[in-house]
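Quick notes on the structure that follows.
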Amino acid sequence: MLKMPRGLLATALLAILLVGCAPPGIVDRVPDDDPGYLLEQARQQEPEQAAISRLEAADILARQGQRTQALEVATDIDDQRLSTEYRLQWAMLLSELGESEGEPWAVIQAAQLLDEIEVPRDAALILRERHGRALTQVDEHRAAALILIGVQAETDSESLNDPIWASLSRLEGPELATMRDETGDLGRGWLVLANLVRESGGDIEQLFMRLDEWRERNAQHPAARSVPADLVALRELRGQEVRHIAVFLPESGPLAGVAEAIRQGIRSHHQSDAERNGGVRLSFLDTSQSSIDALYEEARNRGAQVVIGPLDKDLVTELENRDRLPLPTLGLNYGHGESNRAEGFFQYGLSAEDEARQVARRGRDDGHRRSAMLVPDNEWGRRVGRAFEEEWRRLDGTITNAVAYDPRGSATESTRRVLSGGRPDMLFLLALPSYARQVPPTLDYYNASTLPIYATSHLFEGRPQPLLDHDLDDVNFIDIPWQIPDAAVGGVEALPYLSSYQQLHADADPSVFRLMAMGVDAYELARRLPQLQLMPESELNGATGRLTPAADGRIQRHLPWARFQRGIPQPILAIELLGTDVMENGTPDREPSANGQRN
């Protein structure tokens, strides 16, 4: 990997040498080494000279170890006021600081220079690599992979294998297919590798047989010479393929209906996936008839290697407080505790709190700082609202007003109260469809039609109803890919586990379809439990979102975004709300007033 010198002055000098001439200023005089004095001077100078003073101040701050402040100063510089030579110096400094300080948007901001001036080859390669790595951090994996593959095509650098693979392994088959015409032989080799791993379906023996064949056919490919670390780590799983799964679900009691929908998803996916799963066996055991320890004993007697379940939150809590479990287990709920302590225990569910936290992160990423909240006045509303508020405040956002409404009543008064507590720049909405549909028209009535609304999946019933849902136009919300295929992946044909989707969706009640999708992903996660134990950073692009385990084994869902237009959920690109084209190295528009407003 190409590396810039760690010293920022050396970075500046290299940038200057690359363009072949030294601008007056930093090189011609010994710096004052007082960034505060330079910043004070900048307030009194003409814009062009002020930009140079701020650039020098940022450089000094970085060399003094005050890198956070240096990044703030560099980010705020109006680079359009700088000469070409200084703009290159600014981009190198800003991208280096953004990368080291974990601020990918700063790197993306710096990379816009690649489209605006002619950048010398070595400097351009550095900026492009940093840009690709930054795009990975903001989940723009397709764009990141294309950029990094382009850099590798010019450098043949094996050190790019792991970041390229990190992005490619997160893409679905249709996304990989669309990249074929946008890359050369090197990229097409990567795409073949990505597809053969995807098609292995967790069968480690088949994977490495096909990987060895690919390496023989592509001996000079960087990934053949040095296999990505994540693939090498999978070798340790040889002989540990999951062939027998025990499923702990109740057949009676208050959770029987939920359990039946999950069970149907598991069974249907197991049957439709029979050829790929290599003869995996399922054993369903009734949690309403036996103790959890008796179930584990029965599962082991039947030869099960892993367990799906239990579903009951109290049982999950009991298990998460143990030191270890008899078998690797995927619980179908989240325990009451702050964290899971049991070794070999993973927890997965359709958590509304997870959705609320994701909404909070998206709102802050889109530049909003002051959020109002509209949540139901019940235990569910308080729990989910608290998750949003805690995440929002953790990200330095403020709550202007939190209104708990009566779900049985009208939205008129609650919406008025939301607006009376300050000047919010967004609204977090937690509501079921019938209530949610009242909120945007009421905002319009109170002359707040431009207030962006961000919501969880609960406002969407899961089927197109344009006449009913047109009142939700311009509302941004998240949902599972199987519920919003057009918005999530560009259409039904691109969905993960398409055959299972088609089989389950045909006759499914929309009210339980998400639970069926959960059953599908539970099955896929269970087959990968040995992999998750060995490689905690593993991810699954599933029916219910991109699934990643936290450090304590709790599975977190990352959901796609949609926006209602003419009553139908439509796509929102991951960076669309920020007003940038990542493939053109654009700079995000951070003005909240431009984000997601209703017209």
Does the side chain of [X] reach to within under 4.5 Å of the side chain of [Y], using non-hydrogen atoms?
X: Asp323; Y: Glu343; result: no
X: Arg133; Y: Val107; result: no
X: Leu429; Y: Met373; result: no
X: Tyr497; Y: Ser272; result: no
X: Pro328; Y: Gln533; result: yes

*asked:* Tell me every residue that passes salt bridge (Lys or Arg N to Asp or Glu O under 4.0 Å) with Arg300, counting only those two or more places apart in sequence or in another chain.
replied: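 Scan of Arg300 (salt bridge (Lys or Arg N to Asp or Glu O under 4.0 Å), adjacent residues dropped) gives none.
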*Apply salt bridge (Lys or Arg N to Asp or Glu O under 4.0 Å) to Asp230 and list each qualifying residue two or more places apart in sequence or on a separate chain.*
none
*Closest approach of Thr548 and Glu539, non-hydrogen atoms and distance?*
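Heavy-atom minimum between the residues: CG2-CG, 3.1 Å.
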State yes or no: are the ring centers of [X] and [Y] separated by less than 6.0 Å?
X: Tyr348; Y: Tyr334; result: no
X: Phe284; Y: Phe248; result: no
X: Phe428; Y: Phe388; result: yes
X: Trp380; Y: His458; result: yes

Polar contact flag, side-chain donor to acceptor under 3.5 angstrom, [X]-[Y]:
X: Thr442; Y: Thr412; result: no
X: Ser457; Y: Glu355; result: yes
X: Gln570; Y: Arg563; result: no
X: Ser291; Y: Asp293; result: no
X: Ser268; Y: Ser500; result: no
X: His269; Y: Asp521; result: no
X: His244; Y: Ser283; result: yes
X: Asp474; Y: Gln565; result: yes

*Hey, does the Lys NZ or Arg CZ of Arg514 hover above the aromatic six-ring of Trp482, less than 6.0 Å from the centre and inside 45° of the axis?*
no
*With Asp469, which residues qualify under side-chain contact (heavy atoms from CB on, under 4.5 Å), at least two apart?*
Arg437, Phe460, Gln465, Leu472, Phe564
